[in-house]
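Scroll down for the structure; my scribbles are underneath it.
Atoms within each ligand, like the ligands themselves, are counted from 1 in listed order. Position 1 is the first residue of the sequence; numbering continues from there.
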Amino acid sequence: MRVDDIFRNARQANEQPVSFEMFPPKGELTLEQARDIAGELAQLGPDFISVTYSAGGSGNSGATASIASMISHELGVASVAHLTCISLTRDGLREKIDEFRAAGIENVLALRGDLPAGMSEAEAGDIAFPYAKDLVPELVDAGFCVGGAAYPEGHLTCEDLNLSVEHLKQKQDAGASFLVTQLCFDNEYIYRFLDMARVAGITVPITVGIMPFMSKQQITRMVFTCGASLPSPVIKLLAKYEDDPESLRAAGIDYACRQLEDLAAHGVDGLHVYAMNRPSVARAAMSALRSA
Ligand code: FAD
């Protein structure tokens with residue numbers, strides 16, 4: 001099913017689609033591993049599951065289409081295949097489109113991705129699609145339902161939030177029909193961003209991405225790689241459970257569940273859980289939302 005139809009139906013029914021993100025399991029990939037994770041996620045009844053793509057074609061990026069296809073066609077849950085364009089040539093895109101079509105993919109999250117660490121733009125040479133907005137119309141023309149990434153606190157490389165929202169509007173203008181936000185630990189930033197997006201004329205559904213923090217190491221990496229800020233309640237939890245990883249993990253899941261409940265009460269367009277291939281995280285989120 002197309003994700004724009006999922007949001008359209010949900011709007012009419014006054015409901016908020018709930019979705020999960022998973023990634024192709026790292027290392028020696030077997031589709032069985034992915035099937036186990038996706039199967040557990042699917043049992044929770046999400047509206048769709050998105051599958052990440054490793055930028056630059058490294059890692060298990062080739063598995064994105066097979067996993068998304070398996071989710072839709074074997075598990076009966078709508079799926080979204082991510083695709084990054086930073087290292088994609090025009091021929092490479094044509095191949096990807098053929099691959100996605102052959103796999104029966106309907107929905108694609110169009111992303112720029114990032115250059116591998118240490119590689120400069122000069123070293124990268126000619127980039128056929130410099131921004132995600134350049135990838136969007138190609139995928140729309142190929143018949144896919146296309147989404148884009150949104151940044152409640154602005155993108156790490158764009159200091160001005162207004163400009164970041166202008167860039168986001170370009171994705172809608174290029175044909176994106178839904179947006180998924182970057183993780184954010186402070187709902188006030190999310191509400192401010194959603195207001196700015198509406199004022200800027202963004203009318204497509206924006207589903208809000210929430211990721212529970214699981215460890216000090218993970219949250220530090222997140223903060224530095226995506227620029228999300230840490231509000232003081234999170235810092236206090238990190239300090240409180242500094243020597244107790246299990247309690248910190250539980251506190252991280254609980255914090256994310258409270259965020260989701262608050263977002264649901266505010267009537268956001270949708271909720272997207274970065275489940276990190278841990279069905280237990282998705283299960284906790286679903287049960288918090290059902291009892292809210
Ligand atoms: P863009 O929208 O192209 O933006 C990149 C930068 O360029 C921003 O600073 C933006 O403000 C600026 N910009 C945009 N348009 C213009 C313009 N017209 N002129 C000047 N500047 C402009 N990465 C992966 O590798 N694989 C994944 O599967 C993946 N999934 C993701 C899912 C979500 C929901 C999110 C939020 C991010 C995901 N990422 C993924 C990370 C993403 O690839 C990085 O955040 C990347 O740095 C930016 O991607 P983008 O699509 O937002 O790029």
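- In summary, the side chains of Tyr131 and His167 do not present any donor paired with an acceptor at a separation below 3.5 Å, with no hydrogens or angles considered.
- Close approach to Ala149 involves these atoms of ligand 1, each under 4.0 Å from a residue heavy atom: 35 (C), 36 (C), 52 (O).
- Comparing Thr225, Thr52, Thr64, Leu111 by heavy-atom distance to atom 39 (N) of ligand 1, the nearest is Leu111.
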### Message
Applying side chain to side chain contact (heavy atoms under 4.5 Å, CB included) to Glu246 and Arg249, what does each step give before you reach the verdict?
### Response
CA-CA 5 Å; Glu246 212 164 294; Arg249 187 175 172 277; 5.7 Å; no

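- Atoms of ligand 1 lying under 4.0 Å from at least one heavy atom of Gln170, given by number and element, are 15 (N), 17 (C), 18 (N).
- Note that OH of Tyr189 is 10.5 Å distant from CG of Leu161, once rounded to the nearest 0.5 Å.
- Residue-ligand proximity, Tyr274 to ligand 1, at heavy-atom distances under 4.0 Å covers atoms 33 (C), 34 (C).
- Distances below 4.0 Å separate heavy atoms of Asp114 from the following atoms of ligand 1: 44 (C), 46 (C), 47 (O).
- Of the possible donor and acceptor atoms, none in the side chain of Glu21 sits under 3.5 Å from a partner among the backbone N and O of His272.
- At least one heavy atom of Tyr151 sits closer than 4.0 Å to an atom of ligand 1.
- Residue-ligand proximity, Thr84 to ligand 1, at heavy-atom distances under 4.0 Å covers atoms 24 (C), 25 (O), 26 (N).
- Looking at Leu109 against ligand 1, only its side chain comes within 4.0 Å, counting heavy atoms.
- Between the side chains of Glu153 and Ser229, at least one donor N or O sits under 3.5 Å from an acceptor N or O.
- In this structure, Lys216 contributes its side chain and Leu238 its backbone to no donor-acceptor pair below 3.5 Å.
- In this structure, of Arg112, Lys171, His155, His167, the residue bringing a heavy atom nearest to atom 14 (C) of ligand 1 is His167.
- Near Val180, the atoms of ligand 1 lying under 4.0 angstrom from a non-hydrogen atom of the residue are 34 (C).
- Residues Phe100 and Val108 meet the side-chain proximity criterion, which asks for heavy atoms closer than 4.5 Å.
- Ligand 1 lies out of reach of Phe129, whose nearest heavy atom is not under 4.0 Å from it.
- Polar contact with ligand 1: present for Thr157 (N/O pair, distance under 3.5 Å).
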### Task
Carefully, step by step, assess Arg8 and Asp5 under the rule salt bridge (charged side-chain N to carboxylate O under 4.0 Å, His left out).
CA-CA 5 Å; Arg8 196 171 303 115; Asp5 287 334; 2.5 Å; yes

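- For a threshold of 3.5 Å applied to N or O pairs, the pair formed by Ser164 and ligand 1 contains no separation below that value.
- Listed by number with element, the atoms of ligand 1 under 4.0 angstrom from any heavy atom of Lys133 are 18 (N).
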#### Entry: Residue pair Glu166, Lys169: steps toward the salt bridge (charged side-chain N to carboxylate O under 4.0 Å, His left out) verdict
CA-CA 5 Å; Glu166 274 178 40; Lys169 172 77 163 42; over 6 Å; no

